[in-house]
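Computed from a predicted structure; not experimentally measured.
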Amino acid sequence: MRAALVTVSSSKARGEGADESGERLAGLAARLGLEIAGREIVPDERGRIEARLRHWADEAGVELVLTSGGTGFSPDDVTPEATRAVLEREAPGIGEAMREASRPHTPNWMLSRALAGTRGGTLIVNFPGSPRSIEQTGEALAAALPHALELLAGRRPAHGTA
């Protein structure tokens, strides 16, 4: 299975600093055993984000798109809105699990607007922009994501009892 990684950051898109968040997403994809089909940085522009999500889901046909950044309260944090515009079905439990995983680490855990859902056979998950938060939330999702991807692929893996 393949994953695409999209860092949403106007400053990183301008070449200002290293894409640490993208590195953390790449690490998560590797832990999940996924091939990385592509990795890119896009500015905090809703139309550009939507276009890239559609590309990876519809044209490239990857099974998983992981985004980082743009999930906060700043006026240019528009990743959830762009994601919602391309989703066919939302998966609210994923965003809830991410916020719960952040709760022990920051008093601002409830300010994350991370969103997830499906478009065709692709699962799209918005991660926060903080590299540390990606580690924390990725760990919380790592066990469930492979099952979700199998279900989207039309395979019916056995339901665990744990």
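- Sequence neighbours left out, the pairs with a member in residues 10-20 that pass salt bridge (charged side-chain N to carboxylate O under 4.0 Å, His left out) are R14-E16, D19-R39.
- Remark: side-chain polar atoms of S74 are not paired, donor with acceptor, to backbone N or O of D77 under 3.5 angstrom.
- R84 contributes atom CZ, which lies 13.0 Å from atom CG of L53 (distance to the nearest 0.5 angstrom).
- Using a 4.5 Å heavy-atom threshold, the side chains of T118 and I124 count as separate.
- Checking side-chain atoms of R24 against main-chain N and O of P131 turns up a donor-acceptor pair under 3.5 Å.
- Remark: the backbone N or O of S68 is not paired with any side-chain donor or acceptor of T7 at under 3.5 angstrom.
- Both W56 and L87 sit in one connected hydrophobic cluster of ILVMFWY residues. Membership requires side-chain heavy atoms under 4.5 Å apart, directly or through other members.
- Rounding to the nearest 0.5 Å places CG of L32 at 7.5 Å from CG of L149.
- Atom CE of M98 and atom CD of Q136 lie 11.0 Å apart (nearest 0.5 Å).
- Residues I36 and L141 fall within the same hydrophobic cluster, defined by Ile, Leu, Val, Met, Phe, Trp and Tyr side chains chained together at heavy-atom separations under 4.5 Å.
- Using a 4.0 Å cut-off between charged side-chain N and carboxylate O, E35 and R2 make no salt bridge.
- Counting only distance, with no hydrogens or angles, the side chain of T79 and the backbone of G69 share a donor-acceptor pair below 3.5 Å.
- Linking Ile, Leu, Val, Met, Phe, Trp and Tyr residues whenever their side-chain heavy atoms come within less than 4.5 Å leaves V62 and L145 in two separate clusters.
- Annotation for E139: atom CD does not count as buried by contact number, only 12 or fewer foreign heavy atoms lying within 6.0 Å.
- Side chain of E63 to main chain of G121: no donor-acceptor pair is present (N/O by atom type, distance under 3.5 Å, no hydrogens or angles).
- The backbone N or O of S10 sits less than 3.5 Å from a side-chain atom of D44, completing a donor-acceptor pair.
- Judged by distance alone, with hydrogens and angles left aside, the side-chain atoms of S112 form a donor-acceptor pair with the main-chain N or O of A114 at under 3.5 Å.
- Summarising the geometry, atom CG belonging to L152 is positioned 9.5 Å from atom CG belonging to L64; distances are rounded to the nearest 0.5 Å.
- Shown here for P128 and T71, the closest heavy-atom pair between the two residues is CA-OG1, 3.7 Å.
- Under the 4.5 Å side-chain heavy-atom criterion for ILVMFWY residues, no single connected hydrophobic cluster contains both V42 and L25.
- Note that CZ of F127 is 5.0 Å distant from CG of L28, once rounded to the nearest 0.5 Å.
- Residues F73 and L115 do not share a hydrophobic cluster, defined by chaining ILVMFWY side chains whose heavy atoms lie under 4.5 Å apart.
- Annotation: salt bridge (Lys or Arg N to Asp or Glu O under 4.0 Å) contacts of E40 (sequence neighbours excluded): R52.
- Using modelled atom types and a 3.5 Å distance limit, the side chains of S9 and S11 yield a donor-acceptor pair.
- One N or O on the side chain of T106 and one on the backbone of N108 form a donor-acceptor pair closer than 3.5 Å.
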With side-chain contact (heavy atoms from CB on, under 4.5 Å) as the criterion, how do L151 and H147 come out once you've worked through the C-alpha distance, each side chain's angles and the decisive distance to 0.1 Å? CA-CA 6 Å; L151 290 170; H147 184 73; 3.5 Å; yes

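- Atoms CG and CE, from L123 and M1 in turn, are 10.5 Å apart once rounded to the nearest 0.5 Å.
- By the 4.5 Å heavy-atom criterion applied to side chains, R54 and E59 are not counted as neighbours.
- Side-chain contact of T67 with N126: a donor-acceptor pair under 3.5 Å is present, judged by distance alone.
- In this structure, I41 stands alone, with no Ile, Leu, Val, Met, Phe, Trp or Tyr side-chain heavy atom under 4.5 Å from its own, directly or through other members.
- Electrostatic pairing of E81 and R113 counts as a salt bridge here, judged by a charged N lying under 4.0 Å from a carboxylate O.
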Please evaluate residues L66 and V6 with respect to the criterion side-chain contact (heavy atoms from CB on, under 4.5 Å), reporting the C-alpha separation (whole Å), side-chain torsions for both, the decisive distance (0.1 Å), and the verdict. CA-CA 6 Å; L66 303 175; V6 180; over 6 Å; no

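- Residue G22 comes nearest to L5 through the heavy atom pair O-CD1, 4.1 Å, listed as atom of the first residue, atom of the second, then distance.
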